[in-house]
Amino acid sequence: MVNSLSRIRKSALTIFLCLLILPIIHPNRSDAQISDKLKYEKEVKEEFLHSWNNYKKYAWGHDELKPLSKTYHDWYKESLLMTPVDGYDTMVLMGLKAEADEAKELILTKLSFDKDMEIQAFEITIRELGGLLSAYELSRDKRFLNLAAYLGNRLLPIFNSPTGMPYRYVNLKTGATRDSISNPAEIGSLTLEFGTLSRLTGNPIYFAKAKKAVTALFNRRSSIGLVGTWINVNTGKWTDRDSHISGAIDSYYEYLLKASLLFNDQDFKKMWDESVQAVNKYLADTVDGELWYGHADMDTGVVRGKFFGALDAFFPAELALGGDLKRAEKLENSCYKMWLYYGIEPEEINYTTMSIDYPQYYLRPENIESNYYLYKFTRQKEYLSRAETYFNTLVYNCRVENGYASLNDVRTKEKIDEMPSYFLAETLKYLYLTFAPDSVFDFNGHIFNTEAHPLQKNFK
Ligand code: DMJ
């Protein structure tokens with residue numbers, strides 16, 4: 001009896017000790033996740049270095065690396081250092097001090113906007129103005145802000161149209177503008193950068209012009225609250241009435257929401273609230289229980305196409321940021337399916353058949369970006385493990401000896417000789433931030449512009 005009692009006590013003690021020790025011997029899923037996070041954080045940084053070092057070797061001082069021919073591409077007749085300006089804040093966030101310092105030195109000694117050169121206002125705003133503003137906020141080096149203000153002044157002539165909506169191109173020296181047929185993305189995605197420039201310089205003109213432009217566009221929405229794809233900024237008349245959330249419209253919606261949050265602006269909030277309601281009513285489409293967003297006529301809401309693509313995949317991030325997590329998660333599931341279907345996402349599919357309309361993959365970030373937002377808002381491990389898949393498939397399909405290459409066809413994996421600057425600004429940044437500890441970046445204190453340049457809500 002005494003023996004059996006002591007046996008029971010002994011085995012109880014053994015079980016108790018096992019319970020204490022077990023978690024150490026067999027780490028549970030969340031411990032495993034932490035070590036995976038560290039591993040992936042490190043690996044993403046290494047892939048960033050692989051891209052940057054090859055840019056340095058073959059494209060130094062130019063806009064972008066051509067990773068297959070080992071040479072460079074400049075957008076215009078002279079370089080605007082697109083890759084260093086786009087990549088600088090990613091280096092700072094990744095703690096790559098030496099690389100950030102060399103990029104900074106290059107930008108501050110070589111970048112000039114005093115050029116007799118015509119540029120596309122939207123692209124230069126989101127990449128260069130956005131990059132310089134975040135560089136200033138992160139480094140507090142006034143020279144970045146001076147460059148940004150100089151560029152902002154050179155861009156101002158775009159707003160001199162009868163409606164206040166911007167022309168697409170401007171000559172940086174002469175101020176001559178061209179292209180009056182523009183689209184909501186190019187018209188409406190200037191407010192975060194111009195508004196931040198106003199905040200940081202104390203000159204209200206930039207924000208006033210950009211806000212007037214987007215308001216003029218919003219006021220031309222149809223009676224059911226949708227916008228079309230192309231509009232004449234001289235006459236204010238639509239020239240293409242196809243409505244969707246894809247390229248040419250996408251970041252118009254993104255900036256309505258983000259401007260309301262960055263500047264605590266109720267006008268933008270009203271515009272976002274009304275717009276997202278119409279988008280959810282007329283463009284959202286459920287197929288076999290999956291949520292997608294298609295194309296419709298802006299006046300009638302009648303469906304015009306069941307297409308969705310790599311650019312549309314930005315929308316779960318906006319839905320999440322706007323507080324509609326349920327819809328965001330549903331749409332993110334569809335985006336993830338689109339990514340996996342061919343091993344990596346194509347530019348556009350027909351979501352009813354999953355057949356491909358445009359087979360390219362341009363190293364785009366949007367799918368990965370939305371996954372990052374959903375991870376931040378839900379903390380569900382599923383999004384971490386999806387981020388691992390995004391990263392592994394990206395490395396497997398697009399890594400080449402001298403950088404990363406876009407794909408001409410996601411089925412054959414045939415490559416294109418291009419590594420867009422947003423690959424360093426966005427794709428790798430969102431992957432890195434998904435795996436990095438919260439302490440690396442204050443998610444709630446910033447708003448990302450559409451090129452993933454973080455702008456502080458309360459910069460002091
Ligand atoms: C980037 O320049 C921006 O994210 C823009 O809003 C859309 N296109 C590319 C990335 O795909």
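Order of appearance sets the numbers: ligands from 1, and atoms from 1 within every ligand. Side-chain atoms are counted along with the backbone in the values below, which use heavy atoms only and exclude waters and symmetry mates.
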Looking only at distances, please establish whether an N/O atom of ligand 1 is found under 3.5 Å from an N/O atom of [X].
X: Glu123; value: no
X: Glu426; value: yes
X: Arg364; value: yes
X: Asp250; value: no

Strictly under 6.0 Å, is that where the ring centroids of Tyr430 and Phe448 end up? yes

Ring centres of Phe443 and Phe377 under 6.0 Å apart? yes

Between Pro365 and ligand 1, find which residue part has any heavy-atom pair under 4.0 Å and reply side chain, backbone, both or neither. side chain

Examine the proximity of ligand 1 to Glu254 and report which part, side chain or backbone, both or neither, has a heavy atom under 4.0 Å away. neither

Answer with yes or no whether Arg127 contacts ligand 1, where contact means a heavy atom under 4.0 Å from a ligand atom. yes

Taking the basic N atoms (NZ, or NE/NH1/NH2) and the acidic carboxylate oxygens, is any pair closer than 4.0 Å for Asp438 and Arg379? yes

Does Glu46 pair with Lys42 as a salt bridge, N-O distance under 4.0 Å? yes

Who's the nearest protein heavy-atom neighbour of atom 2 (O) of ligand 1, and how far? Glu451 OE1, 2.7 Å

Tell me if the OH atom of Tyr72 is crowded by more than 12 foreign heavy atoms within 6.0 Å. no

Side chain to side chain contact (heavy atoms under 4.5 Å, CB included) partner of Glu426, chosen from Pro365, Pro420, Ser421: Pro365

Suppose I only count heavy atoms of [X] and a 4.0 Å limit; which atoms of ligand 1 are within that range?
X: Leu311; value: 7 (C), 8 (N), 11 (O)
X: Ile126; value: 2 (O)
X: Glu366; value: 4 (O), 7 (C), 8 (N), 10 (C), 11 (O)
X: Thr450; value: 3 (C), 4 (O), 5 (C), 6 (O)

Check: Asp250/His244 side-chain N/O donor and acceptor closer than 3.5 Å: no

Do the ring planes of Phe315 and Tyr293 sit parallel (below 30°), tilted (30 to 60°) or perpendicular (above 60°)? perpendicular

